[in-house]
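Following: one structure in structure tokens, then a few remarks.
Counting begins at 1 with the first residue of the sequence.
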Amino acid sequence: YITARKMGGSGLAILLGGIHDFINELEQGLVVLPFGPDKVILNEHKFWLIWRSDLRLSQVQKQFIGWIKQSSAKDSERIKRFLSL
């Protein structure tokens with residue numbers, strides 16, 4: 001994954017994945033959208049967090065859930081700004 005990013009950033013590979021995976025590189029100009037932003041298909045970026053229903057979540061687990069939700073929302077906003085949506 002890291003090697004593919006480095007290769008893509010140096011022009012030696014095509015990176016396949018969701019735009020969420022490469023928003024940092026896109027914003028920095030390290031990679032481009034080869035077919036243009038109008039060819040990006042946006043969908044909901046979701047994480048499925050699962051745990052045993054008979055166990056209570058620890059404080060660390062609750063913090064992680066909050067962080068992942070906040071991080072995903074921030075990335076979605078960055079992508080909308082990047083694509084001028």
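- Put simply, the side chain of Gln61 does not reach to within 4.5 Å of the side chain of Leu49, judged on heavy atoms.
- Remark: Lys74 NZ to Lys69 NZ distance equals 15.5 Å, nearest 0.5 Å.
- Put simply, CD1 on Ile23 and OG on Ser76 are 10.0 Å apart, with the number rounded to the nearest 0.5 Å.
- Every residue meeting the salt bridge (charged side-chain N to carboxylate O under 4.0 Å, His left out) condition with Asp54, not counting sequence neighbours, appears here in chain and number order: Arg52.
- A heavy-atom distance below 4.5 Å is not found between the side chains of Leu33 and Phe22.
- Residues Trp51 and Ile68 fall within the same hydrophobic cluster, defined by Ile, Leu, Val, Met, Phe, Trp and Tyr side chains chained together at heavy-atom separations under 4.5 Å.
- The closest side-chain heavy-atom distance from Leu57 to Ile65 is below 4.5 Å.
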